[in-house]
Amino acid sequence: MASLEFLVIIALLGGVLAYLVGKLSKVVGASLTVLVSGFIFVSVAYFGLNGSLDASITYLPFVSFEATDLYLGTSFGILVTFIFFMVSFFNPYFVDKFKYPSLYSMFYLFSLAGVLGVFFTDDFLVLFFFFELVVWTSLFLIPLGKSKKAASWYYGFSAFGSFSLLFAIFVMRNTAGSFNINDGLSMVGGSDQILVFILLMVAAFAKLGAFPLHIWLPKVLGNSPDPVTSVFSGGLEKLGAFVAVMGLVKLAPVGPVIEAIDMALGQYLIAILGALTIVFGTLMAIRQDDAKKLIAYSSMSNGGYILVALTLLNDTSVSGALYHVLIHALASTAAFLAIGAVNRQTGTTKMSELGGMIHKMPVTYIVYLIAIISMAGIPPMGGFVSKWLIFQSVINEGMILIAIATFFGSIGSFLYVFRPLAALFLGQELPEFRKVIKEAPFFMLLPMIILSGLNIFTGVHPSVILQYINNVLAELGVTELGITTWTLSGNNGDLYPALIAVVFGVGVVIAFIIFIVLKKSRKVDLMDTYTAGNFVYTEELLHYSVDFYAPIERLYEKHINIMKDFYKGIAKKVQEFGSFVKYFFFTNKPEITVLWVVIVLGILLLWGDLL
Amino acid sequence: MKNFLSLVLVLALGGMIILSLQNNQYFTAYGEVDITKRVSESYIDRDVNGGTQAVEFGVANNLESGPANIVTAIVADYRSFDTLGEVTVLFVSSLGVALLLASGKQKRLDLHFHPNFMLRVGSRALFGIILMTGIFVIVHGHLTPGGGFPGGTMIASSILLLYLADDNFRTKVKSFKTLESIAGSLYVIIGLVGLFAFDYFLVNFLDNGILGELFSAGIVPIVYALIGLKVGSEISGIIDNFLTEEVA
Amino acid sequence: MSAVLLIAIPILAAFISIIVKKWSPYMLLFVSFGLVILLGYLPFEIITIGGFSAPYGISLVVDNYSYTALYVVNVLFFLVAIINVCNYKKLGTILLVSLAGLNGLMLTGDLFNLFVFLEISGISAYIITTTNKKPLATFNYLVAGTVGSILYLLGLIILYNMFGTLNMQDMAVRIAASGATDIEVALPFLLMFIGIGVEAKLLPFNSWVKGILGHSNKLTGPMIAGVYAAASLFVFGRLLTEVFVISDTFMLIISVILAFSILAGEAMAYSSTKVREILLFSSIAQAGIAVLIFVSGFTGYAVLFISLNGFSKVVLFLIINHATEVVGSDEVIDLKGLFVNNKLVGASFTATVLSLLGLPLFAGFFVKMGILSQLFSSGDYVFPAIILLSSVVEGVYFVKLLTKLWYKEDNLPQVKFELPLVYLVVVISLLLVVFGLYFEPLHEQALVLVNHVKGVIL
Amino acid sequence: MLIDIIEIVVSVLLIVLAFLAINSKMLIKSVIFLSSLSMLSVISFIIMQAPDVAVTEAVIGSGLVTSLFVFTLLAVRKVEEKI
Amino acid sequence: MLLYAAIILMMLGLYGILTQRNIIKIIISLNILEIGLNIFIISIGFVNGGVAPIFTGQNNLGSIGFVDPLPQALVLTAIVIGVGTTALGLALAKKIYAKYGTFEIDDMKGAE
């Protein structure tokens, strides 16, 4: 009978303990994070699944948890604590390179406590308390990496998001009278409901990194240290998904219903923005040279999938969205961890500088392969199931444009997802890395293997997890997905994922046999080009990892950072307004105060018709 | 051009304020003030704490507040706290001036003006007369117009006369500082005695005597004398700071 | 033990200390510590000075509001005095008088008496800022402060002409009895609003702030930004809740000025490159927020907001002024990497900044929630939107500042913080964290103050 | 009747002297105008039956304040001749 | 009539601070502002046909025809506060002159 409050306190005290221990030796402090997050994950998962998490409160007076029939919160909680646990394995190996190692482990556990608090409460104020706690504790993790400015971008967007969430909370409280989430969302009506919907969507978009508010995502995920990036993309983005679920599903649809697709206007706009996120993420991912930035953009476009699916509100779409949340978390964390392992060995994640990692790091290669297969949505992996659900619902609702966008997104993911695989792992082994590189240590491989195992499991036998998601659907009031032990029933037919997996397995075995039997390929030195006859001007022309998609990129090269310049423009406007006011109000002559006194008095007398 | 513009702006504001005061029915016009509707009516009739005695010059005995001069009654008795604050303001500004100007050893400002013998002697005689008028004004503060502040300044101006008449005259600043400190502390101590002995700070615990007599109105003349001394020494301190300069 | 001692003892000590110049700093410390202790024994009452009952004589009001105000101001004053007593020996007497002035401001129930104490604390503030070695900035402050108090006196006299009394509560009663419509009463209140606004650093009237706080040192910075700011905002609150009757047009105009002051303050702080300028513009914005809360009538949380703000500003200005003294300039580039090798001071600076932003685990969060919940419960959406927007901008420039101060590799500024400063700064930031976690006492204090009805002694 | 005439004369003189004090070129001239302005205010206090204030203003206003101004200008004059 | 003259005087004081750039001129304008304020305060206490608020042999008949004494008490304080501020202002002026060599704010170099 683990009580939630006990877990939160353990996380907070664990953080402080990790800080103190970290002062003595960095690695022990970091490995403490592994223990604490492990304990929390196990207790949350075990007690959460059989619904016996008690919500009694003894120490934290203002906090009120709710654990009984809270499937949504429990499912998100289990997922995110699992991601925290997996990523914490990497902490001991990365912590010695940071400037403030003990601080890192403390804030790591603090954000874990915050995440716990967010998912398991039924009171909005408590949700906001932990939401903000996650924001500022994860804020200080970012500058440990390469860029300092990323932190202020991150805080700017997430503060904007969380403060609009706070505004929505208080608007709901005005009608509902209390901070309770369920009746807050259900009782709000009329113009307030539109305001609340918009504000919740802003918060979700800011946290998910979706289209209009996505500038910070690549900057932060690209530049912060590897464990932090995986925690961000796997765990902290899911807060945005959680708020999106509240805003889109729990809140009644907003705006007039459009007959053509019988969907509320508000939901439709969000679907469009989601589709834009997918397209924008894919286009930007294609042109990246840094593997981490590439995966960051892919997780942005996956956020778009979740949004699109949530707006359709039928059984396949919402279950597809929730399942995609799980799949994306597992796949992107595995991908980021693999890149992190490569980064730790070689020190760089630039695709143009790497190559041939497969010879020395085969396990990392396989983990990365499975992760990107799942991300691309190819059958044996989980990605296929969730994308199958989402595509079905989009087509069934008759939203052609958004369907095209989602197809473009998944095809695009074929394009950019395989490039890091080829650039980092395949190809000739670069001379300078030949001697230095060796496989990642066992404790780094363990989480990667677990994650890829899960990736496969979610693809082969999804109904176990989909069964649990059905409880969440029931709680949200959406019709449940028809599941039998081995089949999923969509709108127009059933899916036997196990059967597909078996067929794929047989195919792989056959391919392997052919590979063993037939002649091996001849090892060729990189220098002598193998193109037929004519002289190749630049040797990178055919190298798969160096701007292979240059022709596509040239299409949209010029207006890449419209949005970035837009936000930079805003920052510039605020700056100009500041110095403009400074010029008017702050000179070193005494008469400026008297001038403004006279002017304000004059205006007030005139305007207040006191004459 | 800018001057003219701001003049117009300012005069327009003045006009607006005058207009708004005229249109305001509660703002009584110049001269038609009705004292009974104001707080000061009971200062005149001396019935704040329910005193019923008719206020007769030379007859009324032991009124609620002794001084014949009602303004002194208000300044030194009814609202004596303001005067304490007032004295502190002057104290702080004289201290500030000393801090700003007199940081090191000081010597008289050389003004290229050397008064001849006649002026020096004549001013000595005049000094006595001005000093006496100052003391007179202080002592009769509770009967005739004047009191602590003008009397103290008169004492200071008599010292100013000596400064002007003799260009290397310097008062003993140290002794003035002690006088100022003693007078100030005595004033506060009288207040504290009132607080501890008669449970009201700055209460007039002495007998008020006959209205209009020289020895009437309890502690008011004493307080006013202390204030006079303090103001006198402070202002002469300021004058000394202004008329001296750093020893280069 | 009546509250008059809070004013009489510092003045007496000041008068005595000009004879014994050498001991004046130690008298200052002893008196200010004694007053903090004395505060513990003060009964809640109206003290009449000179035995004359309220509307006629001067009365000091000791109720919940002034008690909290006194506590905050005296404790802050004592802390700032301890840190600066050793290197500002000459100012001992002046600081004693300014302590008396500040206590008088908090306690007095009489409008003209408020003017006199405004002048006392004002003049001692001018003299304290002369230690900035910027006589022109001090001169601007003097002119602005004097014009402000003259306007306040003009407004006060017009009120006296209309209603014939000087006592605050009596004035409120007479205004209500006379049934004067808000329009007629607007002119004097407007003048008094502007008069106090100059001292409370509201935007259009505070051009002196940049000169004073921009070149402040370890005494003037915390004193003007922390102690004096809190005191003048408390005075503002007392006037706004006790005496002022604000009409809708007057209220609309005032809230436009305040909203502009908040957003402009944040924008100016965002656009400045000197650390002290960032702090002073953010304190201008916070003053705007405090007055905004008073105008919309929630004294409880406004008092908490002001006191938290006072404590945080003292901490921030102490650290930055000390660093500027050592490094020589307060440009952000020169102070980069300041906290790398003095982590303790850096940790408390960061904790204070996070509490100012209102992030959880810090006292600022609870106060911000209280303010917003009350503003929302009164049904208006505009002010909370302004406050939240301003705190987003505030968050961005503070985060930018923090990352610069914490993360730098080579040639770090060699700054050594001496022990008393470090000790004070750590204690205050610990308090902010403790009250962030366990905020029951703050809650009761806010509730007690919230139903602080006009003039009723609790 | 006579009082009203004096009152009007004093008011007009007040305003004229104030304007002159502000706009005069030489500092010493504006100081003298200021001193005469405070003397005029003493007269207006007498008109308005306020002897206490008149005495105080006379001694402090025209006596002390003017001398302080003159001393400041003298201290400055020592440095450069033109005031 | 004096009431309006007082207000105009105060406005001229504000005008002086607004336009003049000379430190001494600004202090003079401050003094004009204070003189105007003092006259205004006394003028609101004046009663037509009132007598100076002092009990003497001739007029001891209670509160007939006295002028309002309270404003006069306030003005006593205001005058002395004015002196305090002016003395401080002039001391500052001397310091400014010592540092910048001139009273004109415009040509004070480095006074940002």
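A, B, ... follow the sequence lines: proteins, then strands. Residue 1 opens every chain.
- The shortest heavy-atom contact between L7(B) and L12(E) is CD1-CD2, 4.1 Å.
- Here CD of Q72(E) is found 9.0 Å from CD1 of I70(B). Values are rounded to the nearest 0.5 Å.
- If you measure heavy-atom distances from F242(B) to chain E, the contacts under 4.5 Å come from both the backbone and the side chain.
- Counting all heavy atoms, side chain and backbone alike, K94(E) lies closest to T244(B) at NZ-O, 4.4 Å.
- Nearest heavy atom pair, residue G14(B) against residue I7(E), reads O-CG2, 4.2 Å.
- Put simply, the side chain of P145(B) reaches to within 4.5 Å of the side chain of I54(E), judged on heavy atoms.
- To the nearest 0.5 Å, the span separating CD1 on I79(E) from CD on E86(B) amounts to 10.0 Å.
- For I235(B), no part lies under 4.5 angstrom from a heavy atom of chain E.
- Here the closest heavy-atom approach between residue D68(E) and residue R38(B) is recorded as OD2-NH1, 2.7 Å.
- Applying the 6.0 Å contact sphere to NZ of K105(B) captures no more than 12 heavy atoms from other residues, nucleotides or ligands.
- With a 4.5 angstrom heavy-atom cutoff, Q22(B) touches chain E only via side-chain atoms.
- With a 4.5 Å cut-off on non-hydrogen atoms, L74(E) touches chain B through its side chain but not through its backbone.
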Step-by-step side-chain contact (heavy atoms from CB on, under 4.5 Å) determination, V47(E) to E32(B): CA-CA 6 Å; V47(E) 175; E32(B) 283 94 21; over 6 Å; no
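- The shortest distance between side-chain heavy atoms of F55(E) and R46(B) falls below 4.5 Å.
- With rounding to the nearest 0.5 Å, the separation of OH in Y4(E) from CG in L21(B) is 8.0 Å.
- Both the backbone and the side chain of V71(B) come within less than 4.5 Å of a heavy atom in chain E.
- Among L88(E), V80(E), L92(E), the residue making the largest number of heavy-atom pairs under 4.5 Å with chain B is V80(E).
- Contacts of L101(B) with chain E are made by side-chain atoms alone, with heavy-atom separations under 4.5 Å and no backbone atom involved.
- In this structure, no portion of M10(E) lies under 4.5 Å from any heavy atom of chain B.
- Your options are L9(B), V89(B), V33(B), and the one with the most heavy-atom pairs under 4.5 Å with chain E is V33(B).
- Most heavy-atom pairs under 4.5 Å with chain E: of the set L100(B), T153(B), L13(B), I238(B), this distinction falls to L100(B).
- The choice from S93(B), A68(B), G147(B) that makes the most heavy-atom pairs within less than 4.5 Å of chain E is A68(B).
- Between Y30(B) atom OH and L2(E) atom CG the span is 4.5 Å, to the nearest 0.5 Å.
- Both the backbone and the side chain of I81(E) come within contact range of chain B, with heavy atoms under 4.5 Å apart.
- Close approach to chain B, defined as a heavy atom under 4.5 Å from one of its heavy atoms, is seen in Y15(E), L18(E), T19(E), R21(E) of residues 15-32 of chain E, taken by number.
- Counting heavy-atom pairs under 4.5 Å between each of I74(B), V75(B), L211(B) and chain E puts I74(B) at the top.
- With rounding to the nearest 0.5 angstrom, the OG1 atom of T28(B) is 7.0 Å from the CD1 atom of I44(E).
- How far OG1 of T77(E) is from CG of L90(B): 11.5 Å, rounded to the nearest 0.5 Å.
- Both the backbone and the side chain of L70(E) come within less than 4.5 Å of a heavy atom of chain B.
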